[in-house]
Chemist: 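Submitted below is the structure of interest, expressed as C-alpha cells.
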Amino acid sequence: MQIPHDTRNALETVVSLVNTIPEAHGSDGLPDVEALYGFAQAHRMSGVGDLGPRDLRAVQAVRTRFAEVFAAPGPREASELLNNLVAAAGTTPQLTDHDGYDWHVHYFAPDASMADHLAADCGMALAFIVVAGEQERLRRCEAPDCGHAFVDLSRNRSRRYCDSRTCGNRLHVAAYRARRKEAAG
C-alpha cells in the first residue's frame with residue numbers, strides 16, 4: 001500500500017495522539033498546555049500559534065473521537081465518525097509545499113485551531129485507509145499489558161505489536177524462556 005508522506009505523517013500523528021489517552025499507559029499524555037505544545041513540536045505541526053486550556057480540552061475531545069475510530073467494528077461506523085470529525089473541523093483543502101516537503105494537501109484552514117488541524121488532516125488520513133478497504137490496518141497492540149494504537153503498514157498486514165522492539169520482543173523472550181523452563185523441568 002503506497003501512502004504519500006503527508007498521509008503517513010498524519011497517520012503517525014493520529015496514532016501518537018490516540019496513545020496519549022490515559023487508558024493507553026495509565027496517565028494522560030496530554031495533561032496540560034505545555035504537553036500540547038510539546039506534542040505539536042514533536043509532530044512538526046505548522047501554524048499552531050498560541051495555545052491555551054480551551055485548545056487542550058478541544059484536542060483531548062478530538063483524541064477521544066479518534067480512539068473511537070480505532071475501535072469501530074466496521075467501515076460504516078468508522079466513516080460516520082470520520083465524516084463528523086472532518087465536517088466539524090470545517091475542512092478547506094489547500095495545496096502547499098512548506099518546510100522542504102514536496103507538494104501535498106492540507107485539509108485545515110490556514111488559521112485553524114490545533115484541534116481542527118488534527119481533526120481535518122488526521123481524519124482525512126484515516127478516511128483514505130477506510131476508502132481503500134484497509135480499516136483492519138487500524139489496530140491495537142496485542143501485548144497483554146499494552147493496547148497502544150498503531151497502523152499496520154506491513155505488506156501482508158501481519159503486524160501484531162505497536163513496536164516489535166519492545167512489546168513484540170518482550171513477549172517473544174518470555175515465550176522462549178517459558179519453553180526452555182518447560183524443556184528443562
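The shown structure was predicted, so the numbers you read here are calculated from the model rather than taken from an experiment.
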Chemist: Between Q135 (side chain only) and A72 (backbone N and O only), is there a donor and an acceptor less than 3.5 Å apart?
Modeler: yes
Chemist: Linking I/L/V/M/F/W/Y whenever any side-chain heavy atoms sit under 4.5 Å apart, do L95 and F108 land together?
Modeler: no
Chemist: Would you check, one step at a time, whether the test side chain to side chain contact (heavy atoms under 4.5 Å, CB included) holds for V105 with Q94?
Modeler: CA-CA 5 Å; V105 179; Q94 304 222 355; over 6 Å; no
Chemist: Where is the tightest heavy-atom contact between A58 and A115, given as atom of each residue plus distance?
Modeler: CB-CB, 3.6 Å
Chemist: Mark yes or no for whether R157, through its side chain, and S154, through its backbone, hold a donor-acceptor pair below 3.5 Å.
Modeler: no
Chemist: E68: what forms a salt bridge (charged side-chain N to carboxylate O under 4.0 Å, His left out) with it, not counting sequence neighbours?
Modeler: R65
Chemist: Is D116 reaching over with its side chain to a backbone N or O of A112, donor-acceptor style, under 3.5 angstrom?
Modeler: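 No; zero donor-acceptor contacts below 3.5 Å.
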Chemist: CG of L36 to CG of L30: how many Å apart, nearest 0.5 Å?
Modeler: 6.0 Å
Chemist: As a quick check of understanding, evaluate side chain to side chain contact (heavy atoms under 4.5 Å, CB included) for I3 and F128, giving each step before the final call.
Modeler: CA-CA 9 Å; I3 299 175; F128 290 133; over 6 Å; no
Chemist: Could you tell me whether the side chain of V59 reaches within less than 4.5 Å of the side chain of L118, counting heavy atoms only?
Modeler: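 Result yes, sub-4.5 Å side-chain heavy-atom pair found.
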Chemist: Is it the case that over 12 heavy atoms from other parts of the model lie below 6.0 angstrom from the CD atom of E34?
Modeler: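 Not more than 12 within 6.0 Å, no.
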Chemist: How many angstroms lie between atom SG of C167 and atom CZ of R160, to the nearest 0.5 angstrom?
Modeler: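 That separation rounds to 11.5 Å.
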Chemist: Are there more than 12 heavy atoms of other residues, nucleotides or ligands under 6.0 Å from atom CG of D97?
Modeler: yes
Chemist: When M124 is tested against each of T7, V86, D6 for side chain to side chain contact (heavy atoms under 4.5 Å, CB included), which residue passes?
Modeler: V86
Chemist: Quick check against the 3.5 Å criterion: does D55 have a side-chain atom that pairs as donor or acceptor with the backbone of G52?
Modeler: yes
Chemist: Contact between F66 and L81 at the side-chain level, heavy atoms closer than 4.5 Å - yes or no?
Modeler: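 F66 vs L81: side chains apart.
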Chemist: State the CG-CD distance between D28 and Q60, to the nearest 0.5 angstrom.
Modeler: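 D28 atom CG to Q60 atom CD measures 5.0 Å (nearest 0.5 Å).
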Chemist: Starting at CG of L11, measure out to CG of D121 and round the result to the nearest 0.5 Å.
Modeler: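 Spacing of CG (L11) from CG (D121) equals 10.5 Å.
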Chemist: If you take all heavy atoms of A67 and I21, which pair is closest and at what distance?
Modeler: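 Minimum heavy-atom separation between A67 and I21: CB-CD1, 3.4 Å.
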Chemist: Distance from E142 atom CD to R140 atom CZ, nearest 0.5 Å?
Modeler: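 If I round to the nearest 0.5 Å, the distance is 13.0 Å.
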Chemist: More than 12 foreign heavy atoms under 6.0 Å from CD of E80: is that the case here?
Modeler: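 For E80, atom CD is not crowded (no more than 12 foreign heavy atoms under 6.0 Å).
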Chemist: Between P31 and L56, which heavy-atom pair has the shortest distance, and what is it?
Modeler: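 Heavy atoms only, the tightest pair is O-CD2, 3.7 Å.
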Chemist: Starting from F150, can I reach L138 by hopping between I/L/V/M/F/W/Y residues whose side chains sit under 4.5 Å apart?
Modeler: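 They do not share one cluster, since no chain of ILVMFWY contacts under 4.5 Å joins L138 to F150.
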Chemist: Among V131, I129, L126, whose side chain to side chain contact (heavy atoms under 4.5 Å, CB included) with L82 holds?
Modeler: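 Testing L82 for a side chain to side chain contact (heavy atoms under 4.5 Å, CB included) against V131, I129, L126 leaves exactly one candidate, L126.
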Chemist: Check whether any side-chain N or O of R139 sits under 3.5 Å from a backbone N or O of V151 as a donor-acceptor pair, and report yes or no.
Modeler: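 No, the answer is negative, given that no donor and acceptor are paired below the 3.5 Å cut-off.
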Chemist: State yes or no: do M45 and L17 share one hydrophobic cluster built from I, L, V, M, F, W and Y residues joined by side-chain heavy-atom distances below 4.5 Å, directly or via other members?
Modeler: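 Yes, it is one cluster - the side chains of M45 and L17 are joined through contacts under 4.5 Å.
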Chemist: Measure the spacing between NE2 of H117 and CG of D111 and express it to the nearest 0.5 Å.
Modeler: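 Separation between the atoms: 12.5 Å.
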Chemist: Would you say that H148 contacts Y161 through its side chain, given a criterion of any heavy-atom pair below 4.5 Å between the two side chains?
Modeler: no
